[in-house]
Amino acid sequence: MPPARAEVESLQAYSAPLEGRRGLLRLDFNENTLGPSPAVVAAVRALPAEHYAIYPEYDGLRQAVLAALGGSCAGLTPSHVGIFNGVDAAIHAVFQAYGAPGDRLLTTSPTFGYYSPCAQMQGMGIEAIPYTLPGFAFPLAEVSAALAADPPPRLLLLCNPNNPTGTRLEAAQVLALAASAPHTLMVVDELYEAFTGDSVLPLLVAQTGADGDPFAAYPNLLVLRSLSKTAGIAGLRIGFAWGAPALVDRVSRVTGPYDVNSFAVCAAYAALADQAYVDTYVAEVRAARDWLVEQCLAHQVRHHAAGGNYLLIWPDGAVAEVDRRLRQEAGILVRAMTGKPLIDGALRVSVGTGEQMRRFWQAYRLIEGR
Ligand SMILES: Cc1ncc(COP(=O)(O)O)c(C=O)c1O
């Protein structure tokens with residue numbers, strides 16, 4: 001076999017152990033644990049077979065994405081929206097479009113595990129600034145200082161709220177960071193913003209005049225959002241990027257022309273039109289998270305919960321053993337954070353409905369002998 005590029009030969013790829021999960025209670029990938037709205041299911045089922053034979057079309061979808069923002073879309077146009085095969089594909093495209101060998105990625109640690117391999121495959125260096133203990137606070141001073149370096153980093157990837165620590169950064173601070181580093185492309189991964197309301201988009205729109213372009217003052221800012229975790233269509237793969245039209249254009253240039261398939265497009269229309277379903281699910285998750293935190297407090301279980309539909313729990317027993325027993329004895333999947341800086345020894349538990357959390361808690365207490 002001819003060798004791949006040197007960066008690819010040495011790459012430790014993002015590994016998602018995704019097999020054999022069906023039928024189990026999946027609290028390991030922060031997915032929607034109920035599935036999509038019935039309206040989404042009906043729309044996908046109703047897709048005429050003729051559409052399978054036709055390449056997908058996207059233009060009306062950009063309009064629908066805008067409309068779903070409601071009041072916070074003034075000044076935004078379809079050309080501010082990029083459509084990708086999941087936010088993963090948007091992240092990959094950002095690196096392909098902007099990351100050259102020797103360039104630097106600035107990010108935080110621990111954070112979502114796909115940023116680093118994307119940087120490595122481009123031959124980029126990585127500077128990952130740790131969250132601040134106790135409490136995993138955002139290392140604002142350190143990130144600001146790193147942004148001011150000469151030369152500045154090529155890319156800044158911020159997950160807000162952060163997966164897996166839940167750390168939140170206020171929208172005003174996100175914008176201030178972007179404004180402070182005009183030569184760095186700043187990507188804010190807002191996959192979990194629905195669970196906290198931390199998105200930067202409403203502030204961007206609010207601080208722009210009625211007819212202005214909200215991204216005019218932030219041509220280096222790209223905001224990522226997806227329908228995976230809230231609307232329950234992770235398996236169909238669709239995600240969005242928001243940014244200045246020129247930036248969205250550059251990032252979209254490196255994808256294939258039809259990377260997002262017709263089923264995903266069809267499901268996205270229906271999901272975006274049923275915001276009430278998402279709102280109800282998000283409210284249920286937030287209540288279930290509060291309940292689980294109360295249990296942890298009452299039973300003195302070390303935990304950390306901030307933003308997002310997940311929290312960290314440190315078992316007394318060996319983390320791999322608790323992970324294994326939850327799966328084998330209770331049919332519950334969680335994610336061991338083994339090897340992750342600052343949180344080695346923790347389990348990340350995705351939050352679903354109240355009933356699912358009660359099932360998790362019962363099994364966890366039994367295994368931990370609490
Ligand atoms: C922070 C973050 N960004 C992106 C993704 C991928 O999202 P998508 O399903 O839209 O590709 C995930 C999935 O776990 C995530 O946690």
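Ligands are counted one by one from 1 in listed order, and the atoms in each one are counted from 1 as well.
Remark: side-chain polar atoms of Arg348 are not paired, donor with acceptor, to backbone N or O of Val334 under 3.5 angstrom. No donor-acceptor pair under 3.5 Å is formed between the side chain of Tyr269 and the backbone N or O of Val40. When atom types are taken as modelled, the side chain of Glu9 and the backbone of Ala4 share a donor-acceptor pair closer than 3.5 angstrom. Put simply, the side chain of Asp259 never gets that close to the backbone of Asn85: no donor and acceptor are under 3.5 Å apart.
Residues His80 and Asp213 bring a donor and an acceptor atom of their side chains to less than 3.5 Å of each other. For the residue pair Thr77 and Arg62, no side-chain donor N or O sits within less than 3.5 Å of a side-chain acceptor on the partner. Remark: the Gln356 side chain and the Thr33 side chain contain an N/O donor-acceptor pair separated by less than 3.5 Å. Of the N and O atoms on the side chains of Tyr310 and Asn163, not one donor lies less than 3.5 Å from an acceptor on the other residue. There is a side-chain donor-acceptor pair under 3.5 Å between Asp189 and Tyr115.
Counting only heavy atoms of the protein, atom 3 (N) of ligand 1 lies nearest to Asp189 OD2, 2.6 Å. Taking atom 16 (O) of ligand 1 as the reference point, the nearest protein heavy-atom neighbour is Tyr192 OH, 2.7 Å. When hydrogens are left out, the protein atom nearest atom 4 (C) of ligand 1 is Phe112 CE2, 3.4 Å; that is the closest non-hydrogen contact.
Of all the atoms in ligand 1, the ones that sit under 4.0 Å from a non-hydrogen atom of Leu191 are 2 (C), 3 (N), 4 (C), 5 (C), 6 (C), 7 (O), 12 (C), 13 (C), 15 (C). Close contacts between ligand 1 and Lys229 involve ligand atoms 13 (C), 14 (O) [criterion: under 4.0 Å to a heavy atom]. Remark: ligand 1 atoms within the under-4.0 Å shell around heavy atoms of Cys159 are 1 (C). Residue Gly86 has at least one heavy-atom neighbour below 4.0 Å for each of these atoms of ligand 1: 10 (O), 11 (O). Remark: ligand 1 atoms within the under-4.0 Å shell around heavy atoms of Arg237 are 8 (P), 9 (O), 11 (O). Listed by number with element, the atoms of ligand 1 under 4.0 angstrom from any heavy atom of Val87 are 4 (C), 7 (O), 8 (P), 10 (O), 11 (O).
Under 4.0 angstrom from ligand 1, there are no non-hydrogen atoms of Tyr114.
Considering only non-hydrogen atoms, atom 6 (C) of ligand 1 lies nearest to Asp88 out of Asp88, Asn85, Asn163.
Considering both main-chain and side-chain atoms, Ser226 comes within under 3.5 Å of ligand 1 through a nitrogen or oxygen pair. Considering backbone and side-chain atoms alike, Ser228 places an N or O below 3.5 Å from some N or O of ligand 1.
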